[in-house]
Amino acid sequence: KLLNKRLTVTAKGKEGCNLAGWLEVNKVGGNFHIALGESTVRDGRFIHQFNPTDAPKFNVSHYIHDLKFGHAYPGMSLPLVGVSKSCDPAIGTG
């Protein structure tokens with residue numbers, strides 16, 4: 001099942017965002033992206049479009065509260081839970 005849902009939000013001041021949801025996919029290799037800009041397909045490639053002059057203003061610092069694939073079970077490895085990455089304001093998304 002392929003779901004394509006777009007959400008456009010304008011941040012105010014130093015406001016951040018909170019992303020929550022779920023994906024239902026077949027049991028095959030693949031990946032998913034959470035990215036800045038509007039997504040589109042061009043020349044057979046999936047890209048994210050935004051104005052490059054705005055890039056230094058983006059702060060994509062993040063903290064992963066929960067991320068799992070499938071139902072939880074005892075001993076399940078959750079290597080991304082609790083991971084935090086901070087951007088240096090001097091270089092933006094760097």
- Query: Quick one: hydrophobic cluster around Val41, which other residues, with the 4.5 Å side-chain cut-off, linked directly or via members?
  - Reply: Phe46
- Which heavy atom of Met76 sits nearest a heavy atom of Gly70, and at what distance? CE-O, 4.2 Å
- Item | Spacing of Lys68 atom NZ and Leu78 atom CG [to the nearest 0.5 Å] | 7.0 Å
- Would you name the heavy atoms of Ser86 and Ser61 that are closest together and state the gap between them? CA-OG, 3.3 Å
- Message: If I compare all heavy atoms of Leu67 with all of Leu80, which pair ends up nearest, and what's the gap?
- Response: CD2-CD1, 3.5 Å
- Task: Sequence neighbours left out, what pairs pass ring-ring contact (aromatic ring centres under 6.0 Å, His included) with at least one residue falling in residues 63-85?
- Result: Tyr63-His65
- Excluding sequence neighbours, so at least two apart, what forms side chain to side chain donor-acceptor pair (under 3.5 Å) with Arg45? none
